[in-house]
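Structure, as structure tokens:
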Amino acid sequence: MQVTPTLNEGLKRSFTVVIPAADLQGRCDARLAELGRDVKLPGFRPGKVPAAVVKQRFGESVQAEVTEKLVQESVRNLLEERDIRPAMQPKVDLVSAGTEGKDLEFTLEMEILPEIPTPDMSGTKLTRYSAKVADEVIEKALNEVAQRNRKFETVEEDRPAVKGDVLNVNFVGKKDGTPFDGGTAEDVNVEIGGEGFIPGFAEQMEGMKPGEERTITVTFPENYQAKELAGQEATFEIKANALKKAVNPAIDDEFAKSLGLESVEQMRKLITEQAEGEYKQLSRMRIKRDLLDALAEKVDFEAPASMVDAEFGQIWSRIEEERKNGSLDEKDAAKDEETLRADYRNIAERRVKLGLLLAEIGRKQEIQISQEELLAAMQQEARRYPGQEQMVFEFFTKNPQAIESLRGPILENKVVDYLIELAEVTEKEVTAEELAAMPDAD
């Protein structure tokens with residue numbers, strides 16, 4: 001194999017690789033001989049098919065198979081011999097396929113990973129924030145549980161519907177005076193002021209009594225799923241059938257047992273543990289963000305443009321989707337296209353640099369990921385899909401690359417833990433509101 005470097009500029013590298021025709025032909029002949037021992041063709045005994053017949057039948061496919069394997073093997077050997085670590089998958093272009101006795105020739109282009117200095121963590125100061133679960137937080141959560149399990153009783157007195165009541169109604173939706181598909185229903189329970197309907201729909205029923213009829217006008221959201229109605233004005237003819245009021249259950253042991261628990265105290269304990277877990281997660285996010293900010297200031301190196309492009313592409317796809325749905329952050333929506341792209345490209349570059357830095361620290365410190373940690377990550381991912389846990393596990397079992405995708409976050413967190421141990425950490429207790437108001441990591 002003859003290797004000729006053709007570019008060595010910054011992180012960019014390219015080579016021309018030539019494999020002599022004799023080497024390629026030798027590989028092809030060996031593969032054809034292997035096929036000749038096993039192939040079964042009509043009119044010939046197994047293993048007795050003439051070499052010329054085998055070559056005529058399989059020569060072209062064997063040439064392609066051997067060429068592909070030889071290129072892969074040559075690329076792997078080149079990278080190992082020259083201790084090259086590509087930033088992303090190298091680009092291979094075939095110059096000559098080695099047919100008709102010619103040499104096999106291809107070019108190899110890539111960006112390599114930069115030299116990444118290990119930061120000095122001495123003198124780095126971090127603050128780990130924490131918060132205690134207040135009694136009012138627990139009581140609020142208990143009331144919310146009761147609210148979700150409330151029952152509705154028919155209102156016997158003659159009074160109009162107020163916010164929080166449930167009105168049972170029939171309705172007919174019309175656009176330009178003509179009923180539209182999906183706009184008609186009967187015996188529908190509508191919570192006055194509740195969510196789940198078109199904005200303005202439930203609100204305009206406040207004050208209605210059973211037996212009363214009313215016509216209301218609403219405007220469908222711009223992102224409404226039925227495109228023919230999105231952003232359009234429509235009327236609804238409403239007839240109220242019955243009025244019900246919400247009754248929250250008493251928060252006692254009987255209520256706890258109805259939820260499968262032993263007592264209210266057990267409910268309080270579970271709520272407390274859940275809140276503590278959320279606080280710890282918020283605390284973790286903040287100290288990690290502060291650590292990454294400190295790392296970004298300590299070291300600087302050239303990020304491979306291909307990796308930045310890929311990261312920016314993912315970010316920008318999300319931005320365009322949010323823009324399309326009208327959910328783009330107000331600050332971003334106020335920026336012009338050029339400024340917005342520049343801002344998010346800077347974010348992409350920061351993420352790539354920090355990701356490479358953490359990976360390099362993990363490599364140098366020989367931080368390993370155990371099978372138990374991978375299994376725990378798989379279980380956590382499976383819990384996101386209740387009732388489909390087995391399907392998720394089967395997906396990971398059949399797709400090793402999916403399992404590999406779990407390694408990155410695990411390694412990152414282990415490296416972050418390692419670096420936090422090297423820093424000077426101060427503990428600080430704050431309120432839950434202060435903890436929740438802290439900015440998220442980029």
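Owing to the predicted nature of the structure, the values given are computational and were not obtained by experimental measurement.
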Quick check: closest heavy atoms across Ala294 and Thr124, and the distance to 0.1 Å? CB-CG2, 4.1 Å

For Glu429, I'd like to know if atom CD has over 12 heavy atoms of other residues, nucleotides or ligands within 6.0 Å. yes

Do Thr6 and Thr16 have side-chain atoms, one donor and one acceptor, less than 3.5 Å apart? no

How many angstroms lie between atom CG of Leu243 and atom CG of Asn168, to the nearest 0.5 angstrom? 10.0 Å

Does CD belonging to Gln371 count more than 12 external heavy atoms closer than 6.0 Å? no

Quick one: do Glu321 and Lys324 make a salt bridge, cutoff under 4.0 Å? no

Return yes if some donor-acceptor pair links the side-chain N/O of Gln204 with the main-chain N/O of Gly200 below 3.5 Å, else return no. yes

Does the pair Lys244 and Glu156 meet the rule for a salt bridge (Lys or Arg N to Asp or Glu O under 4.0 Å), with working shown? CA-CA 9 Å; Lys244 299 180 180 181; Glu156 301 296 344; over 6 Å; no

Separation between CZ (Phe236) and CE (Met205), nearest 0.5 Å, reads 8.5 Å

With rounding to the nearest 0.5 Å, note down the distance linking CE in Met88 to CG in Leu113. 11.0 Å

Basic-acidic side-chain contact under 4.0 Å: Asp309, Arg345: yes

Can you see which heavy atom on Gly362 is nearest to which on Leu411, and at what distance? CA-CD1, 4.4 Å

With a cut-off of 6.0 Å (strictly less than), are more than 12 heavy atoms of other residues, nucleotides or ligands near CG of Asp181? no

Using side chain to side chain donor-acceptor pair (under 3.5 Å), reason through Glu237 and Thr215 one step at a time and then give a plain yes or no. CA-CA 4 Å; Glu237 297 172 358; Thr215 299; 5.1 Å; no

Taking every heavy atom of Val352 against every heavy atom of Ala303, the minimum-distance pair comes out as CG1-CB, 4.1 Å

Might you work through the salt bridge (Lys or Arg N to Asp or Glu O under 4.0 Å) test for Glu212 and Lys209, ending with a clear yes or no? CA-CA 5 Å; Glu212 183 180 343; Lys209 293 182 179 181; over 6 Å; no

Quick test of your reading of the model: are Lys414 and Asp417 salt-bridged, counting only N-O distances below 4.0 Å? no

Please work out whether the ring planes of Phe171 and Phe201 are parallel, tilted or perpendicular, with thresholds of 30° and 60°. perpendicular

Do Ile192 and Val166 have side-chain heavy atoms sitting under 4.5 Å apart? no

Main-chain N/O of Glu322 paired with Asn325 side-chain donor or acceptor, under 3.5 Å: no

Could you tell me whether Lys335 and Glu330 make a salt bridge, using a distance below 4.0 angstrom between a side-chain N and a carboxylate O? no

Which heavy-atom pair separates Ile410 from Ala377 by the least distance, and what is that distance? CD1-CB, 3.8 Å

Checking side-chain contact (heavy atoms from CB on, under 4.5 Å) against Arg128, which of Glu427, Arg284, Arg286, Lys428 comes through? Glu427

Are the side chain of Asn149 and the backbone of Val145 linked by a donor-acceptor contact shorter than 3.5 Å? yes

Test of understanding: with side chain to side chain contact (heavy atoms under 4.5 Å, CB included), list the residues that count as partners of Lys69, not counting sequence neighbours. Glu65

Determine the minimum heavy-atom distance between Ala97 and Leu24, stating which atoms define it. O-CD2, 3.9 Å

Pairwise distance CG(Leu261) to CG(Leu270) - rounded to 0.5 angstrom: 6.0 Å

Would you find more than 12 non-hydrogen atoms of other residues, nucleotides or ligands less than 6.0 Å from Lys239 atom NZ? no

Can you say whether the rings of Trp316 and Phe312 are parallel (under 30°), tilted (30 to 60°) or perpendicular (over 60°)? parallel

Salt bridge or not for Arg289 and Asp293, using N-O below 4.0 Å? yes

Basic-acidic side-chain contact under 4.0 Å: Glu233, Lys175: no

Return yes when atom NZ of Lys245 has more than 12 non-hydrogen atoms of other residues, nucleotides or ligands closer than 6.0 Å, and no otherwise. no

Once rounded to the nearest 0.5 Å, what's the spacing between atom CE of Met110 and atom NZ of Lys12? 13.5 Å

Is the closest side-chain donor-acceptor distance between Ser306 and Glu111 under 3.5 Å? yes

Under 3.5 Å: donor-acceptor pair, side chain of Asn399, backbone of Gln401: no

Counting only heavy atoms not in Asp336 (residues, nucleotides, ligands), do more than 12 fall under 6.0 Å from its CG? yes

Heavy-atom distance under 4.5 Å between the side chains of Leu419 and Ile361, does that happen here? yes

Taking all non-hydrogen atoms of both residues into account, name the closest pair between Asn170 and Glu186 and its distance. OD1-CA, 3.3 Å

Taking it one step at a time, do Asp332 and Arg323 satisfy salt bridge (Lys or Arg N to Asp or Glu O under 4.0 Å)? CA-CA 9 Å; Asp332 285 345; Arg323 180 186 284 167; over 6 Å; no

Is a donor on one side and an acceptor on the other found under 3.5 Å between the side chain of Thr217 and the backbone of Thr235? no

Would you say CD of Glu338 has more than 12 non-hydrogen atoms from neighbouring residues, nucleotides or ligands within 6.0 angstrom? no

With a sphere of 6.0 Å drawn around CZ of Phe395, does it hold more than 12 non-hydrogen atoms of other residues, nucleotides or ligands? no

Apply ring-ring contact (aromatic ring centres under 6.0 Å, His included) to Phe15 and list each qualifying residue two or more places apart in sequence or on a separate chain. none

Could you check Ser122 against Asp120 for side chain to side chain donor-acceptor pair (under 3.5 Å), going step by step and ending with a plain yes or no? CA-CA 6 Å; Ser122 61; Asp120 180 8; 2.8 Å; yes

Lys125/Thr426 under side chain to side chain donor-acceptor pair (under 3.5 Å): CA gap, chis, key distance, verdict: CA-CA 8 Å; Lys125 297 181 179 180; Thr426 302; over 6 Å; no

Let's go through Arg341 and Glu337 carefully: what are the C-alpha distance in whole Å and the side-chain angles of both, what is the deciding distance for salt bridge (Lys or Arg N to Asp or Glu O under 4.0 Å) to 0.1 Å, and is it a yes or a no? CA-CA 6 Å; Arg341 281 182 171 273; Glu337 182 87 359; 3.3 Å; yes

For the atom pair CD1 (Ile138) and NZ (Lys269), what is the distance rounded to the nearest 0.5 Å? 12.5 Å

